[in-house]
Amino acid sequence: MRIAVPNKGRLHDPTLDLLERAGLHLVDGADRKLYADTVDPDVTVLFARAADIPEYVADGAADVGITGLDQVMESNPDLVDLLDLDYGTCRLVLAAPEDGDIDSVADLDGGTVATEFPSITRDYFADKDVDVDVAEVSGATELTPHVDIADAIVDITSTGTTLRMNRLGIVDEVLQSSVRLFARPDTADDPKVEQIRTALASVLSADDKRYLMMNVPAERLEDVKDVIPGMGGPTVMDIAGQEALAVHAVVEEQQVFETISDLKAMGASDILVTEIERLVE
Ligand SMILES: Nc1ncnc2c1ncn2[C@@H]1O[C@H](COP(=O)(O)OP(=O)(O)OP(=O)(O)O)[C@@H](O)[C@H]1O
Ligand SMILES: O=P(O)(O)OC[C@H]1O[C@H](OP(=O)(O)OP(=O)(O)O)[C@H](O)[C@@H]1O
């Protein structure tokens, strides 16, 4: 099983972090290599450009890939999106000069749009029934409307800084993107692919949860159970030679603060809150 991951750029580090947290540590992950083995003898990592990864998966050079949805949609929309990994979050937008006369998609009829995403852009305008020339560029897209190469652009934005700096305003949103785990339709159901999907999903599930451990007076157990919004109820254990019970539960991170106040009011003591590495649901 081969996983294609970004070899550089903003997606490289978070992707390797995620693999590591999922238990797929690289065993010889020196930078700038093409391949790396992982601790799982059946899983190899293939490093490739973020934009090339969908092609590698489609061609069979890799079995699954991790890259932005924008890259998948541009290269091969037939690939199967298995899991939203929740980073590399950005939007592909149609933008035009703020002081120009393009206020709507229809205003671009007969015009030119520059983009690094020609396929998505063509599909978008075909869908809107607006006739444009698409000029493919390989970077610095934001400059093109100011040098008369294009009337508008389709490009990535996240904070909006780049558009603002180039005095471009958003006309419409074309696609919301984030990093995905994806596969070919014929391998999407493979048990090993499912194993990788489960491992990555377990890291995401653990991210917004905390493990709570505490001692609870036996007579307050039912009250404590009521305030712990844990998954499937808490685990309750006797403590040798003591009246109190040990109670463990998984709770949503954003509920930890409130839950602890309630628990203390019920006499819970020695409350420990820890992070969870993985949670297989
Ligand atoms: N500003 C951003 N905020 C969040 N995600 C982004 C941003 N820009 C790009 N991305 C996501 O990261 C992916 C890769 O972008 P990045 O800029 O790291 O690669 P790249 O520069 O195209 O790589 P290469 O240099 O190999 O061509 C994009 O396809 C998109 O999904
Ligand atoms: O809305 P913002 O937060 O300003 O982000 C948007 C910018 O981020 C990306 O470029 P990046 O910084 O990765 O440079 P590159 O595409 O030249 O690698 C993208 O191509 C935009 O230009």
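First listed ligand is number 1; within each ligand, the first listed atom is number 1. For the single chain, residues carry numbers from 1 onward in sequence order.
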Residues which pass salt bridge (charged side-chain N to carboxylate O under 4.0 Å, His left out) with R167, listed by chain and number, not counting sequence neighbours = none
Heavy-atom side-chain proximity of D207 to R21 below 4.5 angstrom | yes
Any side-chain heavy atom of K225 within less than 4.5 Å of one from V247?
-> no
Would you call D81 and V72 a side-chain contact if the rule is heavy atoms closer than 4.5 Å?
-> no
Side chain to side chain, E277 and S202, heavy atoms closer than 4.5 Å | no
Is any NZ, NE, NH1 or NH2 atom of the basic residue among K192 and D190 found under 4.0 Å from an Asp or Glu carboxylate oxygen of the other?
-> no
With sequence neighbours excluded, tell me which residues meet salt bridge (charged side-chain N to carboxylate O under 4.0 Å, His left out) with D123.
-> none
Tabulated below should be the N or O atoms of ligand 2 paired with protein N or O atoms at under 3.5 Å; can you produce that?
from     : atom 1 : to   : atom 2 : distance (Å)
ligand 2 : 1 (O)  : T157 : OG1    : 3.1
ligand 2 : 1 (O)  : S158 : N      : 2.7
ligand 2 : 1 (O)  : T159 : N      : 3.1
ligand 2 : 1 (O)  : G160 : N      : 2.8
ligand 2 : 3 (O)  : S158 : OG     : 3.1
ligand 2 : 3 (O)  : T159 : N      : 2.9
ligand 2 : 3 (O)  : T159 : OG1    : 2.4
ligand 2 : 4 (O)  : T162 : N      : 2.9
ligand 2 : 4 (O)  : T162 : OG1    : 2.5
ligand 2 : 12 (O) : R10  : NH2    : 3.1
ligand 2 : 13 (O) : R10  : NH2    : 2.3
ligand 2 : 22 (O) : E142 : OE2    : 2.7

Heavy-atom side-chain contact between E136 and T115 under 4.5 Å | no
Electrostatic pair K128-D172, nearest N-O below 4.0 angstrom | yes
List, ordered by chain and residue number, the protein residues whose closest non-hydrogen atom lies under 4.0 Å from any atom of ligand 1.
-> K8, G9, R10, L11, R49, A50, G68, D70, Q71, G88, T89, C90, I156, S158
